[in-house]
Amino acid sequence: MSATLIDGKKSAAKLIAECSEQIAELTAQGITPGLAVVLVGSDPASTFYVRSKSKKCKELGIHSVKLELPAETSQEELLKVIDDLNNDTAIHGILVQSPPPKQIDEAAIIAAIDPAKDVDGFHQVNVAKLVLEDSSGFVPCTPMGCQRLLMDYGVETEGANVVVLGRSMIVGKPMALLMMAKGKGANSTVTIAHSRTKNLSEVMRGADILIAAIGKPEFVKADDVKEGAVVIDVGINRVEDLIDDRGYRIVGDVAFDEVAPKCKAITPVPGGVGPMTIAMLMANTVKACKQITG
Ligand code: NDP
């Protein structure tokens, strides 16, 4: 079988174009969406992600505030920053780049963000809204991006057996909730697998749609995948590669070369889910702006 390559860059560009149209409508009303990204410390990967987010905002004409705080920032100081952003009428979306340094209680910081500005979708109120299928809430960007890829590529999700590999609050759990919800791009029969799942390979082989989000390089092998399955690879893993100038390369959670020939469709890494995450963040920021100002 020759698999369709699910092109995340293409889908992300489409989504960004939709955001652009909505931003133009807001601008015509004198409204500029604003996103504040808070980074505590200077973790290189986090710094890279924060810069990419700010760059995308600028490209789209979203007012972008990048707050880079020292690694020693205390919980109280960070709470004060969040409070100021909650009260700043030019800001409609707030996110605190994860992971923060050890002295920071991340759960308390997320809880302090105004849920109406929680464009990462991590606040309890937004988690509850996802469970309740209340569309005014914010859903974490990566699982939303995965669902959008399935929809863009016309993958039938209704009644499909979806296996979500991983149960994190950022990807696995919201992904499962999205796919089991009523509606377009959902209505699936969902199984969540994790590190304690028995007969994991057999569980994965039952998937019409397999969504892998475990952070283990090339973990999913050809034998774990049913012929004709659709595979969404969320993983971003660095593996040593002495031939590459950087000394490493990025691979997903799926052994692409051996799995792809069995699939109906599959996302590459990089160029699959990754570009969708940042595009969804822009979409959530526009949504927050419309809800706050509307
Ligand atoms: P977490 O580490 O928070 O969660 C990993 C999950 O995988 C856990 O539920 C864990 O199970 C499960 N798991 C780990 N090892 C195994 C195993 N051997 N067998 C079965 N299940 C296992 O990771 P995240 O959800 O944050 O991220 C997952 C991957 O997705 C990472 O590679 C990350 O870099 C990537 N990612 C990509 C994004 C993108 O934009 N493309 C955005 C966010 C993440 P248990 O709960 O039992 O420990």
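Everything quoted here is computed from the prediction, not taken from an experiment. For ligands, and for the atoms within them, numbers begin at 1 and follow the listed sequence. Positions are given from 1 along the sequence.
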Pairs meeting criterion salt bridge (charged side-chain N to carboxylate O under 4.0 Å, His left out) with involvement of residues 18-29, two or more places apart: E18-R148
Residues at least two apart in sequence or cross-chain that pass side chain to side chain donor-acceptor pair (under 3.5 Å) with D120, listed by chain then number, are none
Got more than 12 heavy atoms from elsewhere within 6.0 Å of NZ, K9? no
S98: side chain to side chain contact (heavy atoms under 4.5 Å, CB included) partners, not counting sequence neighbours: P100, E106
Distance-only side-chain donor-acceptor flag, T277 / T142, under 3.5 Å: yes
Sub-4.5 Å side-chain heavy-atom contact between I62 and H92: no
Taking only heavy atoms of the protein into account, state which residues are under 4.0 angstrom from an atom of ligand 1, in chain and number order. T142, G166, R167, S168, V171, H194, S195, L200, A213, I214, G215, K216, F219, V234, G235, I236, N237, V273, G274, T277
